Amino acid sequence: MAVGRDELGKVLDSELCVPAFKDYCPNGLQVEGRDEINVLVSGVTACQALLESAVTLKADAVLVHHGYFWRGEDERLVGMKAQRIRTLLEAGISLFAYHLPLDCHPTLGNNAGLARAMGLREWQGIDPEDATHPVFCGVFDEGARLSDVVDRLEHELQREALVVGDPDTIIRSAAWCTGGGQAYIDDAASYGAELFITGEVSEQTVHVARERGLAFVAAGHHATERFGARSLGHWIANRFGIDHHFVDINNPA
Ligand SMILES: [Zn+2]
C-alpha cells in the first residue's frame with residue numbers, strides 16, 4: 001500500500017488544524033521527496049542520526065515534531081543544515097514536521113500522550129476559547145500524592161524527573177505543556193493548577209513554583225515529546241496501510 005506525498009500532507013494539515021496555529025516554523029511538508037510513500041519513519045527531531053536510520057529503513061518520508069526553518073535561525077543551507085537537507089534530497093525522502101499542532105492535538109498529540117502517562121482519563125486545553133494554547137489541564141479525581149505522580153511519570157518516560165515541592169502534597173488539579181514549556185508556569189498558577197509539568201526547567205522556574213505555591217516537575221524535553229510523532233505515525237499507518245517505524249534517537253535533554 002502507498003499514499004501520495006501531497007495527499008498525506010493535505011490529510012495531516014487538516015487533521016492537525018495547521019492553519020489555526022501561529023508557530024515558529026512552517027508546519028507540514030518541509031522538504032519534498034518522491035511522490036509516493038510506502039515506508040514512513042517517525043521521530044522527535046529531524047537530526048542526522050534519524051535521517052540515517054530513515055535511509056537504512058528505505059523510508060519515503062520522515063515525520064517529526066522538530067523540523068527545520070525555525071524563526072530567527074540562520075536561513076542559509078550550510079554546514080550541519082546542508083548535510084541534513086542533502087541526506088533527504090539525495091535519498092528522495094520527504095520531511096513532514098508538525099510542531100505546535102502536534103503538541104495540541106486532543107488525542108494524538110504530545111500533551112495527550114503525557115496525560116495518559118500520568119494516568120488521567122480526561123484532559124483539555126487550559127483555554128476553552130483557544131484550541132492552539134499549548135498548556136493542557138486535568139484533574140486527579142481522588143487526589144494523588146506528588147511522589148506517586150512523579151513515580152508513574154518516571155516509569156512511563158524512563159527518565160528521572162526534577163521535582164520542586166513536598167512529595168506528600170496531594171494534587172488534584174494539574175496542568176502541563178510538553179517540551180520547553182517552563183515559561184507557562186505562570187499561566188498554570190493563574191489557572192489554579194496545584195502541579196505544573198513540562199520538559200525543561202530554567203533557574204527562575206523554581207522560584208516561581210515556590211512563590212506561587214504549586215509543585216513543578218521537569219520530566220525532559222525529549223522524553224515528554226516522544227508521544228506525538230509516534231501516535232501520528234501509527235495513525236497514518238493504520239489509515240493508509242503503509243509501513244511505519246518510530247525511531248527514538250536518545251537525548252538526555
Ligand atoms: Zn519541543
Side-chain angles (χ1 to χ4, degrees), residues 12-13 15-18 20-31 41-51 53-54 62-74 80-81 84 95-118 123 125-126 130-137 153-154 156-162 175-188 196-202 204-205 216-233 246-253:
L12 295 182
D13 289 359
E15 179 63 29
L16 295 167
C17 302
V18 165
F21 285 84
K22 290 193 187 75
D23 211 334
Y24 320 98
C25 62
N27 284 293
L29 182 64
Q30 289 193 338
V31 179
V41 162
S42 65
V44 178
T45 299
C47 61
Q48 189 65 29
L50 182 72
L51 303 183
S53 294
V62 168
L63 170 73
V64 294
H65 181 51
H66 301 137
Y68 304 147
F69 314 118
W70 298 91
R71 189 197 298 159
E73 75 175 18
D74 186 344
M80 179 183 89
K81 197 169 172 187
R84 290 172 169 187
L95 177 68
F96 291 93
Y98 291 95
H99 182 234
L100 292 179
L102 191 53
D103 288 322
C104 294
H105 190 284
T107 56
L108 300 171
N110 287 317
N111 277 330
L114 192 63
R116 288 191 196 95
M118 280 187 271
W123 52 86
I126 203 171
D130 179 8
T132 70
H133 198 297
V135 179
F136 276 38
C137 56
L153 269 177
E154 288 183 334
E156 293 287 327
L157 300 176
Q158 290 296 298
R159 191 181 191 286
E160 194 181 335
L162 178 149
W176 61 93
C177 175
T178 57
Q182 62 267 50
Y184 288 109
I185 190 171
D186 273 309
D187 289 17
F196 180 60
I197 301 169
T198 187
E200 295 189 14
V201 60
S202 297
Q204 68 263 33
T205 322
F216 172 75
V217 174
H221 189 138
H222 175 85
T224 58
E225 295 200 322
R226 276 183 298 213
F227 303 105
R230 177 165 42 191
S231 297
L232 187 59
F246 175 75
V247 176
D248 189 29
I249 306 296
N250 185 41
N251 184 335

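A quick note: this is a predicted structure, and the numbers were derived from the prediction, not measured. Indexing begins at 1, ligand by ligand and atom by atom, following the structure's order.
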Checklist line | 2.8 Å cut-off met by an N, O or S atom of H66 to the Zn ion (ligand 1) | finding: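 Here the distance criterion (N, O or S atom, under 2.8 Å) is met by H66, so yes.
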Checklist line | Any N, O or S atom of H65 closer than 2.8 Å to the Zn ion (ligand 1) | finding: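 Short answer: no, not a single N, O or S atom is under the cut-off.
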Notebook entry, point to check: Would you find more than 12 non-hydrogen atoms of other residues, nucleotides or ligands less than 6.0 Å from Y24 atom OH?
Noted result: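 Not more than 12 within 6.0 Å, no.
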Next item on the list: State whether the side chain of T198 and the backbone N or O of G180 hold a donor-acceptor pair below 3.5 Å, judged by distance alone.
Entry: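 Not at all, since once roles are kept as given, no pair shorter than 3.5 Å links the two residues.
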Margin query: What is the name of the N/O/S atom of E225 that is nearest to the Zn ion (ligand 1)?
Written below: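 Nearest to the Zn ion (ligand 1) within E225's N, O and S set: OE1.
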Note to self: Quick one about D103 and Y98 (side-chain donor to acceptor, distance below 3.5 Å, no hydrogens or angles considered), yes or no?
What the structure shows: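 No, because no side-chain N or O of Y98 sits under 3.5 Å from a partner of the opposite role on D103.
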Notebook entry, point to check: So among F69, Y68, W70, which one has a ring-ring contact (aromatic ring centres under 6.0 Å, His included) with H99?
Noted result: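 Per the ring-ring contact (aromatic ring centres under 6.0 Å, His included) rule, the option paired with H99 is W70, out of F69, Y68, W70.
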